Amino acid sequence: MKLAEFTTAASDYASHVDTLFALLSIISGAVVALVTALIVIFLIRYHRGSRAPRGETPERVDREIEIGWTVATFFTFLFLFWWAASDQLTALALPKDELEVHVVAKQWMWRIQHPSGVREINELHVPAHSNVRLVMTSQDVIHDLYLPTMRLKQDVLPDRYTYLSFNATKTGIFHLTCAEFCGTDHSVMAGRLVVVTPEEYARWTSAQPEGDDLAHQGEKLFRSLGCSGCHAPGSTVHAPDLHGLYGAAVQLADGRTVTADEAYLRDCILLPDKNRVAGFPPLMPNFSGSVTPGQVVQLVAYIKSLTTQSTGTTQGVAR
Amino acid sequence: MSEMTLPFAPARETAATSYLGEGHTLTSWLLTTDHKRIAILYALSITVFFFIGGIVVGLVRLELISPTGWFMTSDEYNRAFSIHGIVMVWFFLVPSIPATMGNFILPMMIGAPDVAFPRLNLLSWYLYVIGAAFTVYVLLSGGVDTGWTFYPPFSTGYSNSNVIPAAVGVFVVGFSSIATGVNFLATVHMLRAPGMTWFRLPLFAWSMYTVSMVMVLATPVLAMSLLLISAERFFGFPIFDATIGGDPLLFQHIFWFYSHPAVYIMILPAMGVVSEVFACFARRRVFGYSFMVFALLVIAVVGFMVWGHHMFVAGQSPFANLVFSFLSFMVAVPSAIKVFNWTATLYRGQIGLEAPMLYALGFVGLFTIGGLTGLFLASVPIDIAATDSYFVVAHFHFIMVGGSVSAFMAGIHYWWPKVTGRLYNEFAAQCAAITMFIGFNLTFMPQFVMGWLGMPRRYHLYPDVFQIWHVLSSGGAAVLAVAYLLPLGYLGWSLIGGQRAGDNPWAATGLEWQTPSPPPRQNFLHPPRVTSEPYAYHEFGRAREQDGETSISGQGDVS
Amino acid sequence: MTDLARALQEPWPDLRMQREGVSLGMWFFLASEVLFFAALFCSYAIYRSYNPEAFRIAGAHTKVIYGSINTVLLLTSSLTMTVALRAATAQLRRVTLICLGITVALGLAFLITKGLEYHDDIEEHLVPGTGFPLSPPATQIFWGLYWIMTGIHAIHLSAGVVVVIAVMIIFGRRIIPVQGSTMEGVAIYWHFVDSVWIFLYPLIYLAGRA
Ligand code: HEA
Ligand code: HEA
Ligand code: CUA
Ligand SMILES: [Cu+2]
């Protein structure tokens, strides 16, 4: 294994982080040097019995010095905070045309599903120069997806989605590993991040055996699980139409209004009591025992496809 | 040390028996309500646990020499670092300075005959022992593998180890902290000697006061978090179970609401000790006394508002991250003030490099580095990269081992003559201090490097590119082990063969030095009266002869 | 006078200081207790905001009769405790003892009622786990918290009862001048345990009935 698989700064963001690290190191180094130098000088000059002058310093001078370094420290810290915060805020503002890759963590492996339906384990292929968004959930305990070369990390929680976005600028094979303690084999819950050119990514995708994309798999599930029995336009059950739902604002029975994001859709399927939609009977059954996290991912992908076409190959569905 | 010339003759009257002479039976120790004896009981118990924690981590370091491991299974490894963290934090470092030096010195320092509630004080030690018994049971019956942080759902549903006994042990020892805290708060409020106004309190007393505040207000929250974990694991109450609408992050919030203030529980006392030692061995008033006091108070208060910086990647909102990041920077300002003030205390001093001072100087350097890397972690982008890596491990060992343990050693050496009435071998002590500093840096500097390069923490097996750093670190740990064993030798020897110390071998000004060493049961032969600010070292040397008894111009009058 | 001397304990110089010290210590301890319960109340509040519906459904199954009786019992006991403290200050030994006795009786009555309520709850299988009768599943969180909150409160109250009985025994033997006694500390503690209940009552019994 090569150290570069950890240390390469493989995205612009990673380089920014490295710059910030360098800045902090320089300032800290300077502070440590200053404090050490003062201490050493004082130790020598004012060693017991030395002949240096020992009188009192005026109270006013003491006070001014004290206030001086308090203020100086305060402003240095403010500056550092501002720098770090602006790096963080730029990172948040990644543009939206994303390739969405689903990650399901379980003790002790990473399962990855591409929008095309391709699956891999402990290996994550992504195209360079594209905004990649990982949508992650865990099947058991808390894990943490760590991409050292992206300088990124995000906890992966059970029954909840967390996200990680990056835009790799360097192609190559990098390390990928678990950073939140998750039991016996925590230390070997590792894999590879493979960054390839967009063309290679397309070629790689089409070369994989898996046929259907996520949304199609979800559509099949939607029928086989009986969702369509209620949610299909012609159904006799009074259930909401799911077309155009994703991203829209939903009025709930308890008065709240929420945006229908992935987490919301997931909750609707697994915890329907949490969000009862206003104006409908509370009939939506709880599917938490009968679908796996992977299937939830597919269902959610399907419901999203009823609104958006952004996940590449999804066939248009009549709106 | 014998060559250190004192401005007064070390005279001693042997009229009053010392607290050590009041009974030699086991019950006279186990049922004592004397704060000094309780301090000794505590000192012995935490020393035992320090070495338990140290031996366990010695095995960890040994195992990490090879990237593929060589004598432990992964489960054993996980249990080893978990028990190391639990023992070191709750059974060594949290009680370390407060329960030993705080108990022994604080009442004397403020001129009190004892703490406010002597029986509660004894109870607090017994609570410690009960909690410790649970931990020893955990250790002997196979350990616990959750890390010291007990995160659910791993701890509640997936771990196959002794989570509940471990949680109960920590729960119980928490109440011993609370008892100590309540006791110290009441003591400082009610039992100060006449003339000992708030702004005449030595900084160590202030540090005990502030740390007690934090103990009293933070520890119950930890207790609750552990109780909820145990209820979920034992009764199956699904409090943090995400599958039915619970939230594992809630546990993390509750836990860190305690555990961040807890890190200040571990550093404030150290700051107090170092202030005393600096003043004494630089023979100068602590620079900026009132700023030092306010810094302690601000750290104690703002420390309650920054817990979220442990959860930057946990799934907390990015704006919460910003706020916690900002507050973490702010809580560092008072620490900076303290570092600068200690440095300035040396200016125009009469500096001597006896062992306590060497340890204290080590503290300042290592605490500064540890604290500054805390700022790295408080910057969200850096933390996202470095969290759960050895960078964090190095950060907190710099503060807790390099900082707090060094200060603990400084305090032990500084007050040793007061506690035992004996002098230790100064040269041996200086050697130990220097060895500790070198060993420490060798152990933990490499961890910063490998952490930033990408070495995650709590890893039994690791990519071989990091081996070189791990080997260096393990080598350092061996040096460190020697440095920690040395004091056992020469301090132990001083009890048998050490020279008599006299009342005030350092010619220090605190009230605790103006009574015989070792002190009598009631601390002072005559009720003390305080007449001046602390650290009146400038006037030192104008010793007065009175009634044939030597009295130095310390903080007050005890004759 | 010997009473006075006996009442004064170690490090205190005089009885007034001792009394102040004891009640100050008690206040610090209660500050700690407040945070102990605060962690619990915060968890309750957060979960209720996550699962409002489940908390309403679950809350409707608590036994409001028992809860209300207990509220009355505890409020009355606070009253008798206050009277006891006043009586003790005025050196009225008999009144003090009677009032403390009533306080203990009310405390025990509370615990017995609580026990009956627990019994009913268990009959209805309202213990989280398999066989839990309510749905949605988040109702189990409410009931998990119910057992923990009321259980911890009951433990606190039991401790209170034991301590009050101890004070009664001391009082029964001799008139300890109240200035030096632990009476005030005990009273503060008792009121605290009551006021925790004042918060628990609406959260537990009224949550499902609003
Ligand atoms: C005694 C213990 C102690 C102390 C005092 C501190 C002090 C600080 N800590 Fe640390 N910390 C821990 C113990 C401690 N910490 C532990 C145990 C963990 C890990 C827990 C776990 O996950 O297991 C941790 C983790 C931790 C994290 C989370 C890391 C992670 O898991 O991702 C963060 C993030 O912000 C942090 C920050 C800070 C800061 C800002 C301070 C500040 O208070 C430091 C202030 C001090 C200084 C800054 C130095 C002196 C200043 C100067 C000389 C000023 C001059 C400087 C300039 C002008 C630039 N700490
Ligand atoms: C509070 C105090 C404290 C103290 C004093 C220490 C002291 C030490 N710690 Fe520890 N440490 C923690 C608190 C502390 N630690 C915490 C909270 C964690 C996190 C746990 C978690 O992740 O949950 C941790 C984790 C931790 C790790 C990370 C493990 C991992 O993530 O996989 C490492 C690795 O090197 C380490 C090393 C050391 C070393 C070498 C010492 C040395 O300073 C110890 C030196 C002392 C001795 C060695 C004992 C004396 C010598 C002898 C008795 C002779 C025999 C010795 C040998 C055979 C070697 N510690
Ligand atoms: Cu998964 Cu650690
Ligand atoms: Cu912290």
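Just so we're clear, the structure is a prediction, and the values are computed from it rather than from any experiment. In what follows, every chain begins at residue 1, and chains take the letters A, B, ... in the order their sequences are listed. In what follows, every heavy atom counts, from backbone to side chain, and hydrogens, waters and symmetry copies are set aside.
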Would you mind telling me which of C:Phe37, C:Tyr47, C:Trp27 has the largest number of heavy-atom pairs within less than 4.5 Å of chain B?
C:Tyr47
Just do the ring pair (Phe, Tyr, Trp, His ring centres under 6.0 Å) check on C:Phe55 and C:Tyr44 with the steps written out, would you?
CA-CA 10 Å; C:Phe55 268 52; C:Tyr44 178 96; 5.4 Å; yes
When you measure from the centre of the six-membered ring of B:Trp198, is the NZ or CZ of B:Arg192 under 6.0 Å away and within 45° of the axis?
yes
Could you look at C:Phe29 and say if it's the side chain, the backbone, both or neither that has a heavy atom under 4.5 Å from chain B?
both
As an exercise: rank B:Ala112, B:Gly246, B:Ala186 by heavy-atom pairs under 4.5 Å with chain C and give me the winner.
B:Gly246
Keeping C:Ser32 on the side-chain end and C:Phe28 on the backbone end, is there a donor-acceptor pair under 3.5 Å?
no
Please classify the contact of B:Leu227 with chain C as side chain, backbone, both or neither, using a heavy-atom distance under 4.5 Å.
side chain
Could you check whether the rings of B:Tyr258 and B:Phe255 sit parallel, tilted or perpendicular, using 30° and 60° as the cut-offs?
perpendicular
Taking side chain as everything from C-beta outward and backbone as N, CA, C, O, which of these in B:Phe240 sits under 4.5 Å from a heavy atom of chain C? Side chain, backbone, both or neither.
both
Under 4.5 Å to a heavy atom of chain C? For B:Leu191 that would be side chain
Per-residue contact mode, C:Pro13 against chain B (heavy atom under 4.5 angstrom)
side chain
Walk me through whether C:His153 and C:Phe110 qualify under ring pair (Phe, Tyr, Trp, His ring centres under 6.0 Å).
CA-CA 11 Å; C:His153 179 263; C:Phe110 176 97; 5.5 Å; yes
Given heavy-atom pairs under 4.5 angstrom as the criterion, report whether the side chain, backbone, both or neither of C:Leu24 touches chain B.
side chain
So, the part of B:Ile239 with a heavy atom under 4.5 Å from chain C: the answer is both
Could you check which of B:Leu222, B:Asp241, B:Asp247, B:Asn183 has the highest count of heavy-atom pairs closer than 4.5 Å to chain C?
B:Asp247
Tell me, side chain or backbone of B:Ala231 under 4.5 Å from chain C's heavy atoms, or both, or neither?
side chain
For C:Ile65, look at atom CD1 and say whether over 12 heavy atoms of other residues, nucleotides or ligands are found less than 6.0 Å away.
no
Between B:Pro118 and chain C, which part of the residue has a heavy atom less than 4.5 Å away: side chain, backbone, both or neither?
side chain
Tell me, side chain or backbone of C:Val127 under 4.5 Å from chain B's heavy atoms, or both, or neither?
side chain
Under 4.5 Å from a heavy atom of chain B, the part of C:Leu40 involved:
both
Any Lys/Arg nitrogen of C:Lys114 or C:Asp121 sitting under 4.0 Å from an Asp/Glu carboxylate oxygen of the other?
no
For C:Tyr189 and C:His156, indicate whether the former's side chain and the latter's backbone hold a donor-acceptor pair under 3.5 Å.
yes
When B:Asp114, B:Thr33, B:Thr243 are compared by non-hydrogen pairs under 4.5 Å with chain C, the top option
B:Asp114
Determine, for C:Lys63 against C:Glu124, whether the closest basic-nitrogen to carboxylate-oxygen distance falls under 4.0 angstrom.
yes
Do you know the tightest heavy-atom contact between B:Pro107 and B:His35?
CG-ND1, 3.5 Å
Report which part of B:Leu250 has an atom under 4.5 Å of a heavy atom belonging to chain C: side chain, backbone, both, or neither.
side chain
